[in-house]
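Scroll down for the structure; my scribbles are underneath it.
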Amino acid sequence: MKGASPEQVEYLLKRGVAEVIVEEDLKDRLLAGDRLRLKEGFDPSFPDIHLGHVVGLRKLRQFQDLGHQVVLIVGDWTAQIGDPSGQTVTRPMLSADAVKANAQTYMEQFFKIVDESKTEVRWQSEWFAGFNLADVIQLTSKFTLAQMLAREDFNQRYQQNQPISITEFLYPLLQAYDSVAIEADVEFGGTDQKFNLLVGRELQQMIGMKPQNILTTPLLIGTDGVKKMSKSLGNYIGVADLPEEMFGKIMSIPDELLISYYELLTDISHKELMDMGLALNDENVNPMQLKKKLALQIVEYLYDNKAALDAEAHFRQTVQKRELPDEINEHPLNTKEPTLKDFIALAGLAKSRTEAKRLISQGAVEVDGQNVTDMNYPLKPGNIIKVGKRRYVKCI
RNA sequence: GGAGGAGUGCCGGAGCGGCCAAUCGGAGCAGACUGUAAAUCUGCCGCCUGGAAGGGCUACACAGGUUCGAAUCCUGUCUCCUCCA
């Protein structure tokens, strides 16, 4: 395999990368043209991919485009333990069928970004199903408590007298063993995975294998502008989100996030990034325009050009001009004296009638474009009800 | 095995016999503003009824009990945590 050019390597190891360990080694191998096995794992308890994951997956794809091989590991065993990164709550064990279904969902999204033809899919159960107690003891005996406590979140919890389950220590060990099993050359992950990735290196070394390099990618901040993007925090933009939805969510990110989103999720050049930074400080430039461009690029990347343009048009119409969307959900009127408050609750625009009444009294409800505060406003078929900024339902 | 502590609304966390559907913060929703950004201000934020005032119901781990009256006291159960071994 032909080696990569110094420029390519520079881009590969710098753009959208938090840290590379060991940088010199990986650089040399890329230049030399070694075909590398790139390890990426996922936990089938959480099958949905969001833009935060996309950062790393794009990096994988860049490596693939130079000829390297991705090995995707389905973490069907570690899923049962639960990654201790962050606050862990004991997770229910998934049935084999659920794991399979989740893996399927995950991969559909995964291959929107990663090249399937250069990907090998492996299941942890291939090597862990045959593990017995002796193997477990052997594996665990290689590590010490001190090593585990080197990890920041373990240490923190330990200091604060918070419980750490023994199985949580197993999580990084199993993940590390994966690296041994598939003979990984480079493992990818977010910066919060650093410890786990390093354990992989150590284990490989102990076993006499060349230790993998690791490449961590920065954590993308979610739509709230504060915390890392995550499904459980509800601040995520999903790869499987519909184009309009995706477009809208991207438009709602705080301006401060623009540059980092461009840097981590698009290929625009370093120079353009710098220019954009300047533009954002210019009074005459409306950041909304830059955000629209971003939304267009991302939707196009995950869908296609047409979907992106349609999503933008949809955004302009419903959000910016506050016009009616092309498609409005319909809900049948109740036969007997349908009143506004009942209908709103029944049509699912409010969780309960009490909430429906609250919304009406707060002036959040319009019928055919007219603000209505009468709870018992009589509805007729064809009326279009708007609740809040842009939730519509048509009576039929 | 022993000692002690804790379980409150979506989350955190007050309350510790009536004034408690429950202080406060966060999240969320709505309104104003606006670039569906951020920030800010205002209102709401268990369910049912009512235009509202009001009324009713269900709720403070679970099950009982004491009391005119319990999230608050007692008993039992479950769960979690800490310390000693």
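Proteins come first, then strands; the chains are lettered A, B, ... in the order of their sequence lines, and each starts at number 1. Computed from a predicted model, the values in this text were never measured in an experiment.
Within the structure, every side-chain polar atom (N or O) of Lys351(A) is placed at least 4.0 Å from both OP1 and OP2 of rG28(B). Considering only side-chain N and O atoms, Ser352(A) lies under 4.0 angstrom from the phosphate OP1 or OP2 of rC47(B). Under 4.0 angstrom from either OP1 or OP2 of rC48(B) there lies at least one side-chain N or O belonging to Thr354(A).
Taking the side chain of Pro254(A) as heavy atoms from C-beta on, and the options rG35(B), rA38(B), rC47(B), the nearest nucleotide is rA38(B). Comparing rA37(B), rU36(B), rA30(B) by their nearest atom to the side chain of Lys291(A) picks out rA37(B). Of the candidates rA30(B), rG51(B), rU36(B), rG51(B) carries the atom nearest the Met375(A) side chain, counting heavy atoms from C-beta on. In the set rC29(B), rU36(B), rC44(B), rC44(B) carries the atom at the smallest distance from any side-chain atom of Arg358(A). In this structure, the nucleotide among rG35(B), rU36(B), rA30(B) sitting nearest to the side chain of Asp255(A) is rG35(B).
In this structure, rU77(B) and rA61(B) make a Watson-Crick or G-U wobble pair, each of the two defining distances being under 3.5 angstrom. Under the Watson-Crick or G-U wobble criterion, with both distances below 3.5 Å, rA14(B) has no partner in any strand shown. Figure legend. rU82(B) is base-paired to rA3(B); pairs are counted as Watson-Crick or G-U wobble with both atom distances under 3.5 Å. rA71(B) is unpaired under the criterion used here, namely a Watson-Crick or G-U wobble arrangement in which both key atom distances are under 3.5 Å. rC44(B) and rG28(B) make up a base pair, with Watson-Crick or G-U wobble contacts both under 3.5 Å.
Between rG1(B) and rC10(B), the two P atoms lie 36 Å apart (nearest whole Å). With C1' as the reference atom, rA85(B) and rG13(B) are 34 Å apart, rounded to whole Å. Across the C1' atoms, rC57(B) and rU82(B) are found 40 Å apart, a figure rounded to whole Å. Between rA52(B) and rG64(B), the distance separating the two C1' atoms is 41 Å to the nearest Å. Going from the P atom of rU67(B) to that of rA14(B) covers 32 Å, rounded to whole Å. Spacing of C1' atoms, rG46(B) relative to rA37(B), comes out at 33 Å, to the nearest Å. Only the P atoms considered, rU77(B) is 38 Å distant from rC24(B), to the nearest whole Å. Rounded to the nearest Å, the gap between the C1' atom of rC33(B) and that of rA39(B) is 11 Å.
Lys341(A) comes within contact range of the sugar-phosphate backbone alone, with a heavy-atom separation under 4.0 Å but no base atom that close. Nucleic acid contact class of Ile253(A) (heavy atoms, under 4.0 Å, all strands): sugar-phosphate only.
When each of Glu256(A) and Pro287(A) is assigned the nucleotide of RNA chain B with its nearest heavy atom, Pro287(A) is the one assigned upstream, toward the 5' end. Residue-to-nucleotide proximity on RNA chain B shows that, of Glu355(A) and Gly248(A), the 5′-proximal contact is made by Gly248(A).
Using bins of under 30°, 30° to 60° and over 60° for the plane-to-plane angle, the ring pair Phe128(A)/Phe131(A) lands in the perpendicular bin.
Contact check on Glu23(A) versus Lys14(A) returns a salt bridge, with a Lys/Arg side-chain nitrogen under 4.0 Å from an Asp/Glu carboxylate oxygen. Here Asp192(A) pairs with Lys228(A) in a salt bridge; the nearest charged N to carboxylate O distance falls below 4.0 Å. Of the charged side-chain nitrogens involved, at least one lies within less than 4.0 Å of a carboxylate oxygen, so that Arg58(A) and Asp267(A) count as a salt-bridged pair. Salt-bridge check for Lys210(A) with Asp25(A): passed, with a basic side-chain N closer than 4.0 Å to an acidic carboxylate O. A salt bridge between Glu355(A) and Lys357(A) is absent, with no side-chain N of the basic residue lying under 4.0 Å from a carboxylate O of the acidic one. At a threshold of 4.0 Å, the pair Arg15(A)-Glu263(A) does not count as salt-bridged, since none of the basic side-chain nitrogens sits closer than that to a carboxylate oxygen.
Look at CG on Leu340(A): it is 14 Å from P on rG50(B), rounded to the nearest Å. To the nearest angstrom, P of rG28(B) lies 10 Å from CG of Asn235(A). For Ile360(A) and rG50(B), the CD1 to C1' distance is 13 Å, given to the nearest whole Å. Atom CG of Asp374(A) is separated from atom P of rA52(B) by 11 Å (rounded to the nearest Å). In this structure, Lys389(A) places its NZ atom 9 Å from P of rC29(B), rounding to the nearest Å. Atoms OH (Tyr392(A)) and P (rU36(B)) sit 13 Å apart, rounded to a whole Å. Atom-to-atom, NZ of Lys292(A) to C1' of rG35(B) comes out at 10 Å; the value is rounded to the nearest Å. Per the geometry, NZ belonging to Lys386(A) stands 13 Å off P belonging to rU36(B), to the nearest Å.
Between the base of rG43(B) and the side chain of Gln362(A) there is a donor-acceptor pair shorter than 3.5 Å. The base of rG50(B) sits within donor-acceptor range of the side chain of Lys357(A), with an N or O pair under 3.5 Å. Taking only distance into account, the side chain of Asn376(A) never meets the base of rG51(B) through a donor-acceptor pair shorter than 3.5 Å.
Counting all heavy atoms, side chain and backbone alike, Pro172(A) lies closest to Arg151(A) at CG-NH1, 4.4 Å.
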